[in-house]
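Have a look at the structure below, then the notes.
Quantities reported herein were computed from a predicted structural model and do not represent experimental measurements.
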Amino acid sequence: MMDTCEVNGVVLGLERFGESTAPPVLCLGAPTMLSWPDALCESLSDRGRHVVRCDLRGSGASTRGNPEAPDYTLRDLAADAAALAACLSSAPAHLAGIGISGMVAQVAALDHPGAFSALTLIGSRPVAPGPVDEDLPDHDDAAMGRLFSQTMPEWTDIDAVADHAAEGARVLGNDPEEARRGAMRIWQRTRSADGKSPSSDPAAHMADQLGMVFSRLDCRPRWRERLPDIGLPTLVVHGRQDPFFPVGNGEALAREIPNSRLLVLDEAATAIPAGDIAEVAKAMASL
């Protein structure tokens with residue numbers, strides 16, 4: 001069920017799965033909610049969870065600003081997550097982040113620990129976009145060279161955007177056809193600042209498809225050194241074939257967060273393959 005919720009002066013787009021009285025699981029988009037597979041949300045709801053996936057501020061059906069110069073920070077996104085969790089239930093929520101939203105989830109768990117009951121981090125890393133710490137593996141150079149040498153599509157052309165996403169998925173080791181379908185769904189949900197959908201603003205489409213606005217956020221101060229302060233049961237999931245945030249990043253998260261479990265998906269890259277959905281859902285529901 002599609003819905004919206006107003007928190008911290010912005011509207012967040014969200015979708016619900018399962019009974020609203022069930023224990024809540026809040027899945028933060030990266031940047032849109034469709035980074036969370038339908039099948040995973042449905043599998044969690046079948047396991048007795050109220051799953052809510054949401055668009056981050058500035059993406060999808062959420063309040064937008066200028067994607068070239070966002071007027072919010074990483075900590076604003078973390079505060080949004082805590083406020084949204086409070087709107088969903090009087091009980092703390094299981095917070096889940098994937099990719100870049102895994103960074104939001106880490107900061108939210110540190111800054112607003114009372115809002116959450118558990119933490120899942122999928123395909124993420126313990127530092128912000130930009131130069132990586134020396135002990136962490138950076139993006140795979142060969143894959144990034146191929147990825148960023150792609151010609152940018154006409155962002156208001158849904159077919160061109162879908163083709164671009166499919167080619168990017170091939171480079172990253174994901175399913176191209178699944179990426180094509182996902183890109184078309186994201187495109188159809190993208191709203192411009194005036195609320196129209198689908199948007200006629202190429203910058204809005206580019207922001208939703210690539211998540212590049214995240215690299216422009218103020219992500220200070222660092223939070224990696226605070227990871228041992230996370231007191232929530234934590235699941236770290238990472239694809240062994242991930243060239244964007246190589247698996248060493250997930251291993252570092254699992255080492256540095258107490259009471260955490262590392263689940264490595266041997267055949268996965270940056271997306272969760274269909275064949276791994278049940279295992280990930282089971283692991284999340286066990287927290």
Side-chain angles (χ1 to χ4, degrees), residues 1-6 9-15 27-38 41 53-74 76-77 80 98-101 104 123 129 139 143-217 243-244 269-272:
M1 180 178 66
M2 300 299 297
D3 199 356
T4 60
C5 184
E6 184 172 351
V10 297
V11 173
L12 300 181
L14 54 90
E15 185 174 17
C27 299
L28 304 178
T32 79
M33 66 172 71
L34 293 181
S35 47
W36 290 93
D38 295 355
C41 297
R53 61 181 180 184
C54 73
D55 299 314
L56 293 184
R57 185 190 300 212
S59 68
S62 294
T63 296
R64 287 187 180 275
N66 179 358
E68 299 295 327
D71 60 355
Y72 53 92
T73 70
L74 173 65
D76 290 324
L77 296 177
D80 289 349
I98 187 168
I100 55 175
S101 68
V104 180
H139 310 306
M144 295 307 101
R146 292 169 58 203
L147 188 67
F148 293 116
S149 66
Q150 285 184 270
T151 300
M152 290 293 164
E154 170 51 59
W155 293 104
T156 56
D157 181 338
I158 188 172
D159 294 318
V161 169
D163 289 343
H164 183 269
E167 181 55 34
R170 290 188 186 93
V171 171
L172 292 172
N174 298 325
D175 181 337
E177 292 310 309
E178 185 65 29
R180 181 188 301 277
R181 290 189 291 270
M184 295 181 79
R185 291 177 67 193
I186 291 170
W187 192 97
Q188 290 165 338
R189 293 186 65 254
T190 297
R191 299 178 185 273
S192 52
D194 62 7
K196 293 182 179 178
S197 181
S199 174
S200 59
D201 180 1
H205 284 293
M206 182 177 178
D208 278 7
Q209 296 288 337
L210 301 184
M212 292 178 64
V213 65
F214 201 89
S215 66
R216 301 184 175 94
L217 294 185
F244 197 79
T270 66
I272 305 172

Stepwise side-chain contact (heavy atoms from CB on, under 4.5 Å) check, N66 with D71: CA-CA 8 Å; N66 179 358; D71 60 355; over 6 Å; no
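- Rounding to the nearest 0.5 Å places CG of D201 at 11.5 Å from CE of M206.
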Steps toward side-chain contact (heavy atoms from CB on, under 4.5 Å) verdict (D76, R57): CA-CA 9 Å; D76 290 324; R57 185 190 300 212; 4.1 Å; yes
Stepwise side-chain contact (heavy atoms from CB on, under 4.5 Å) check, M184 with D159: CA-CA 8 Å; M184 295 181 79; D159 294 318; 4.1 Å; yes
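- At least one side-chain heavy atom of L14 sits under 4.5 Å from a side-chain heavy atom of C5.
- With values rounded to the nearest 0.5 angstrom, R189 atom CZ is found 7.5 Å from E15 atom CD.
- Between H164 and W155, the ring planes are perpendicular. Angles over 60° get that label, and only those under 30° would be called parallel.
- Salt bridge R64/D55: absent, no basic N to carboxylate O contact under 4.0 Å.
- Between the OG1 atom of T270 and the CD1 atom of I98 there is a distance of 8.0 Å, given to the nearest 0.5 Å.
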Stepwise side-chain contact (heavy atoms from CB on, under 4.5 Å) test for L172 and M144: CA-CA 9 Å; L172 292 172; M144 295 307 101; 4.1 Å; yes
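- By the salt bridge (Lys or Arg N to Asp or Glu O under 4.0 Å) test, E6 is found to be paired with no residue, residues two or more places apart in sequence or in another chain being considered.
- Looking at heavy atoms from C-beta onward, S62 lies out of side-chain contact with V11 at the 4.5 angstrom threshold.
- Considering all non-hydrogen atoms of both residues, S101 and L28 come closest at OG-O, 2.8 Å.
- Between R53 and D38 there is a salt bridge, with a side-chain nitrogen of the basic residue lying less than 4.0 Å from a carboxylate oxygen of the acidic one.
- Taking each heavy atom of W36 and G29 in turn, the nearest pair found is NE1-N, 4.2 Å.
- Between the CG atom of D175 and the CD1 atom of I272 there is a distance of 13.5 Å, given to the nearest 0.5 Å.
- Going from atom OH of Y72 over to atom OG1 of T63 covers 10.5 Å, rounded to the nearest 0.5 Å.
- You'll find the side chain of L217 reaches within 4.5 Å of the side chain of L77, heavy atoms only.
- Here CD1 of I100 is found 8.0 Å from OG of S35. Values are rounded to the nearest 0.5 Å.
- Using a 4.5 Å heavy-atom cutoff, the side chains of H205 and V161 are not in contact.
- Side-chain contact check for E177 versus R181: some heavy-atom pair is nearer than 4.5 Å.
- In this structure a side-chain-to-backbone donor-acceptor pair under 3.5 Å is present from Q209 to A183.
- P31 has its side chain out of reach of F214: every pair of non-hydrogen atoms, C-beta onward, lies at least 4.5 Å apart.
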